[in-house]
Amino acid sequence: MAVVGRFAPSPTGRMHAGNIYAALLSWLIVRSQKGSIVLRIEDLDRERSRPAYANQIMRDFESLGLTWDRGPFFQHNRDEVYRAALERLSSQARVYPCFCTRADLRAASAPHVGERFVYAGTCRNISPDEAERRSKLHSPSWRICVPDKTYRVNDMIQGTFGQNLATECGDFVLRRADGSFAYQLAVVADDFEQGVTCVVRGCDLLSSTPQQRYLQDLLGFERPSYAHIPLLADSSGRRLSKRNRDASFDELIGRYRTPEGIIGHIAHIAGILKTDEPASPDEVLALFDLDRWRQQLGKRHGLAQLEWCEDPVWKAATATGRSKPTEG
Ligand code: GLU
């Protein structure tokens with residue numbers, strides 16, 4: 001079966017090294033299986049998403065040589081698809097209105113597993129009359145009942161990961177009180193409709209995968225394969241982020257001068273290239289082998305995180321606003 005992967009950036013800021021690394025790895029894992037790539041702009045979060053960022057992300061991918069074959073598809077105009085999926089889910093499992101406020105959720109959030117919030121099921125037994133009365137006061141979000149069952153993923157990088165949805169997740173939201181559809185629903189509907197067979201993304205999303213499996217099973221969708229890659233983090237272990245303006249594209253171009261300089265550096269940090277030298281994605285692809293990469297990661301860094309190495313001279317110069325040093 002032909003492999004189809006995807007880039008699924010959220011247009012909430014300029015890309016940083018972590019986003020480029022995730023896109024490069026998706027590209028390598030999919031292209032090394034002779035697969036094609038779909039570009040999906042994940043702009044469900046209407047407050048934080050900006051068309052200008054979406055355009056910039058596409059230009060940045062193009063300049064880096066991270067090519068795609070279909071799209072861009074935008075989530076903001078796919079409400080009909082999500083609504084249809086929600087209806088089908090409602091016919092397969094119980095989907096109910098939830099009136100909990102943030103404060104209610106915090107107060108009722110006693111059973112935590114690790115960092116994870118487990119919904120206590122507070123609104124599960126509200127009668128239809130009561131739900132109607134409350135809906136007139138404020139609109140509810142919509143949650144799906146989860147079974148007391150463990151959903152497992154056989155991840156290409158992280159190995160087997162399982163989660164009991166009732167005890168480790170709880171009933172989760174499919175549609176928010178403001179009417180927008182939730183990530184878990186949108187991603188499952190989109191991956192299916194866009195024919196995605198191979199999902200490569202950061203391992204912070206591994207714990208969402210059992211929820212996605214559950215929805216795929218209810219909807220009768222084919223299950224894609226998954227590769228959850230280690231996150232790129234700074235030396236203190238903090239994940240790189242757009243909010244913290246970490247290693248943004250502009251900064252990287254200033255430091256590594258060319259798109260190949262950026263790709264070569266990231267491929268080196270990821271342990272794919274032995275030396276830190278400019279390279280195109282095609283050149284990296286010629287040296288990439290998923291099994292070998294996974295084994296190396298396990299030995300050298302562990303499978304959860306990779307360290308983003310800043311050049312200390314460059315870092316000091318940009319922090320004090322001095323003119324930027326040149327390489328060499
Ligand atoms: N849009 C998400 C991100 O930019 C990725 C979601 C996914 O890959 O499922 O982190």
(message) So, applying side chain to side chain contact (heavy atoms under 4.5 Å, CB included) with Gln75, which one of Val81, Leu44, Ile41 is it?
(response)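 The option that passes is Leu44.
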(request) Describe, in one word, how the ring planes of His138 and Phe99 are oriented to each other, choosing from parallel (under 30°), tilted (30 to 60°) and perpendicular (over 60°). (result)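 Rings of His138 and Phe99: perpendicular, over 60°.
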I want to check something: taking the side chain as every heavy atom from C-beta on, are [X] and [Y] in contact at a cut-off of under 4.5 Å?
{"X": "Ser141", "Y": "Cys98", "answer": "yes"}
{"X": "Leu86", "Y": "Phe181", "answer": "yes"}
{"X": "Leu64", "Y": "Ser280", "answer": "no"}
{"X": "Ser225", "Y": "Val199", "answer": "no"}
{"X": "Ile263", "Y": "Val284", "answer": "yes"}
{"X": "Lys149", "Y": "Asn164", "answer": "no"}
{"X": "Cys123", "Y": "Arg143", "answer": "no"}
{"X": "Gln216", "Y": "Phe192", "answer": "no"}

Any Lys/Arg nitrogen of [X] or [Y] sitting under 4.0 Å from an Asp/Glu carboxylate oxygen of the other?
{"X": "Asp45", "Y": "Arg48", "result": "yes"}
{"X": "Arg14", "Y": "Asp60", "result": "yes"}
{"X": "Asp43", "Y": "Arg50", "result": "no"}
{"X": "Arg40", "Y": "Glu42", "result": "yes"}
{"X": "Glu251", "Y": "Arg255", "result": "no"}
{"X": "Arg46", "Y": "Asp178", "result": "no"}

(request) Go through the steps to decide whether Arg213 and Phe221 satisfy the test side-chain contact (heavy atoms from CB on, under 4.5 Å), and finish with yes or no. (result) CA-CA 9 Å; Arg213 282 278 200 234; Phe221 290 172; over 6 Å; no
Report whether [X] and [Y] are members of the same hydrophobic cluster (ILVMFWY, side-chain heavy atoms less than 4.5 Å apart, transitive linking).
{"X": "Leu219", "Y": "Val153", "value": "no"}
{"X": "Val38", "Y": "Val188", "value": "no"}
{"X": "Leu174", "Y": "Tyr151", "value": "yes"}
{"X": "Phe117", "Y": "Trp142", "value": "no"}
{"X": "Leu205", "Y": "Ile20", "value": "no"}

Looking at every non-hydrogen atom in both residues, tell me the closest pair between [X] and [Y] and how far apart they are.
{"X": "Ser208", "Y": "Tyr183", "value": "OG-CE2, 4.2 Å"}
{"X": "Ala131", "Y": "Ser135", "value": "O-OG, 2.7 Å"}
{"X": "Gly65", "Y": "Pro281", "value": "O-CG, 3.6 Å"}
{"X": "Leu185", "Y": "Ala85", "value": "CD1-CB, 3.9 Å"}
{"X": "Ala270", "Y": "Trp293", "value": "O-NE1, 2.7 Å"}
{"X": "Phe161", "Y": "Pro210", "value": "CE2-CG, 3.7 Å"}

(request) Starting from the C-alpha separation in whole Å, work towards a yes-or-no answer on side-chain hydrogen bond (donor to acceptor under 3.5 Å, both in side chains) for Trp27 and Thr67. (result) CA-CA 8 Å; Trp27 192 91; Thr67 47; 3.1 Å; yes
(message) Could you go through Tyr96 and Asp171, starting from their C-alpha distance and side-chain angles, then the distance that decides it, and tell me whether this counts as side-chain hydrogen bond (donor to acceptor under 3.5 Å, both in side chains)?
(response) CA-CA 10 Å; Tyr96 63 88; Asp171 298 345; 2.6 Å; yes
Please check: side-chain N/O of [X] versus main-chain N/O of [Y], any donor-acceptor pairing under 3.5 Å?
{"X": "Arg70", "Y": "Gln194", "answer": "yes"}
{"X": "Thr197", "Y": "Val4", "answer": "yes"}
{"X": "Arg94", "Y": "Ile144", "answer": "no"}
{"X": "Asp155", "Y": "His228", "answer": "yes"}
{"X": "Asp69", "Y": "Ile37", "answer": "yes"}
{"X": "Arg175", "Y": "Gly179", "answer": "yes"}
{"X": "Gln92", "Y": "Leu89", "answer": "no"}
{"X": "Gln296", "Y": "Arg292", "answer": "no"}
{"X": "Arg152", "Y": "Gly162", "answer": "no"}
{"X": "Arg31", "Y": "Gly35", "answer": "yes"}

[atom1] of [X] to [atom2] of [Y]: how many Å apart, nearest 0.5 Å?
{"X": "Leu25", "Y": "Ile229", "atom1": "CG", "atom2": "CD1", "answer": "4.5 Å"}
{"X": "Ile269", "Y": "Leu232", "atom1": "CD1", "atom2": "CG", "answer": "6.0 Å"}
{"X": "Leu287", "Y": "Ser32", "atom1": "CG", "atom2": "OG", "answer": "12.5 Å"}
{"X": "Leu273", "Y": "Ile266", "atom1": "CG", "atom2": "CD1", "answer": "11.0 Å"}
{"X": "Ile262", "Y": "His265", "atom1": "CD1", "atom2": "NE2", "answer": "10.0 Å"}
{"X": "Leu215", "Y": "Gln212", "atom1": "CG", "atom2": "CD", "answer": "7.5 Å"}

Is it the case that the side chains of [Y] and [X] hold a donor-acceptor pair, with the cut-off being a distance below 3.5 Å and no angle test?
{"X": "Thr209", "Y": "Arg201", "result": "yes"}
{"X": "Tyr82", "Y": "Asp190", "result": "yes"}
{"X": "Gln56", "Y": "Arg59", "result": "yes"}
{"X": "Ser36", "Y": "Trp68", "result": "no"}
{"X": "Thr150", "Y": "Gln163", "result": "no"}

(request) Evaluate the criterion side-chain contact (heavy atoms from CB on, under 4.5 Å) for residue pair Arg6 and Leu39; output intermediate values, then yes/no. (result) CA-CA 6 Å; Arg6 38 102 147 166; Leu39 171 63; over 6 Å; no
(request) For Glu62, look at atom CD and say whether over 12 heavy atoms of other residues, nucleotides or ligands are found less than 6.0 Å away. (result)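 Count over threshold, so yes.
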(request) Could you go through the side-chain contact (heavy atoms from CB on, under 4.5 Å) check for Val3 and Ile29 one step at a time? (result) CA-CA 10 Å; Val3 173; Ile29 291 173; over 6 Å; no
(request) Dump the intermediate steps for side-chain contact (heavy atoms from CB on, under 4.5 Å) on Tyr53 and Thr12, then the final yes or no. (result) CA-CA 6 Å; Tyr53 287 134; Thr12 55; 5.5 Å; no
(message) For Phe7 and Phe61, I'd like to know if the aromatic rings sit close, meaning centre-to-centre distance below 6.0 Å.
(response)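 Ring-ring flag for Phe7/Phe61: true, centres closer than 6.0 Å.
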